[in-house]
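Computation of the quantities below employed the complete heavy-atom set of this structure, encompassing side-chain atoms and omitting hydrogens, waters and symmetry-equivalent molecules. Throughout, a chain's letter reflects where its sequence line sits, starting with A, and its residues are numbered from 1.
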Amino acid sequence: GQSLEQPSEVTAVEGAIVQINCTYQTSGFYGLSWYQQHDGGAPTFLSYNALDGLEETGRFSSFLSRSDSYGYLLLQELQMKDSASYFCAVKGSQGNLIFGKGTKLSVKP
Amino acid sequence: KAGVTQTPRYLIKTRGQQVTLSCSPISGHRSVSWYQQTPGQGLQFLFEYFSETQRNKGNFPGRFSGRQFSNSRSEMNVSTLELGDSALYLCASSFRETGADTGELFFGEGSRLTVL
């Protein structure tokens with residue numbers, strides 16, 4: 001079957017760097033996505049990695065290693081507004097996106 | 001361009017009742033997916049529609065059903081509600097035949113269902 005593992009909670013201080021890891025098991029891999037969801041809000045797409053390596057988008061970067069079935073989301077220069085839940089996701093065998101259970105990031109002043 | 005719109009945003013039902021939730025995708029998007037979100041369980045896939053056809057279905061009982069109309073709007077129905085159906089129901093759209101192809105889905109803010 002397919003599954004994704006990510007830490008349930010992470011805490012960091014404003015201005016710091018935090019890394020949220022995601023390991024996955026899937027039959028047939030197409031790419032790893034990351035989503036952000038603020039409390040009471042809609043999940044919003046952050047990034048998609050189909051190939052190995054680091055993709056940078058502003059303060060956020062996403063990394064993928066297909067050989068290790070592993071990826072991470074890196075958030076730099078943390079701001080209070082980054083406090084949210086972050087989900088990794090992969091394409092399942094039926095063609096739909098399967099999400100991890102999410103990592104709740106708390107940014108402290 | 002308007003985003004994904006879900007109605008109603010909040011609703012309260014009692015056990016045994018049924019509920020219908022509506023989703024209007026982004027204009028031009030023909031794929032609509034539904035997810036159930038509960039605390040600690042993340043997003044659980046319900047079903048996906050493209051051009052009025054159900055393409056995929058998750059592991060939910062037959063009480064959960066859906067459909068898509070010719071204008072790409074979608075509805076999902078839950079019959080014989082149970083307490084465990086209390087959740088945030090999220091709809092997401094994609095212009096591609098399946099949103100998972102690019103890993104990018106556009107989500108609505110959800111319909112929060114409380115079953116008493």
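Looking at B:Y35, only its side chain comes within 4.5 Å of chain A, counting heavy atoms on both sides. Only the side chain of B:Q37 has a heavy atom closer than 4.5 Å to any heavy atom of chain A.
Of all heavy-atom pairs between B:V32 and B:C91, the closest is CG1-SG, 3.5 Å. The two residues B:C23 and B:W34 come nearest to each other via the heavy atoms CB-CZ2, 3.5 Å. Counting all heavy atoms, side chain and backbone alike, B:G103 lies closest to A:Y35 at O-OH, 2.7 Å.
A salt bridge links B:D85 to B:R63: one of the charged nitrogens lies within less than 4.0 Å of a carboxylate oxygen.
For CZ of A:R59, the number of neighbouring non-hydrogen atoms (other residues, nucleotides, ligands) closer than 6.0 Å is greater than 12.
Residues B:S31 and B:E48 bring a donor and an acceptor atom of their side chains to less than 3.5 Å of each other. Between A:D52 and A:S65, the side chains place no donor N or O within less than 3.5 Å of an acceptor N or O (distance only, hydrogens not considered).
If you tally non-hydrogen atom pairs under 4.5 Å between each of B:G42, B:G108, B:G58 and chain A, the highest count goes to B:G42. Heavy-atom pairs under 4.5 Å with chain A peak, among B:K57, B:Q44, B:R112, at B:K57. Interface remark: of the candidates A:S33, A:G40, A:P43, A:P43 forms the most heavy-atom pairs closer than 4.5 Å to chain B.
Contacts of residues 100-109 of chain A with chain B at a heavy-atom distance below 4.5 Å involve A:G100, A:K101, listed in sequence order.
Residues B:L43 and A:Y48 share a hydrophobic cluster, clusters being chains of Ile/Leu/Val/Met/Phe/Trp/Tyr side chains in contact below 4.5 Å.
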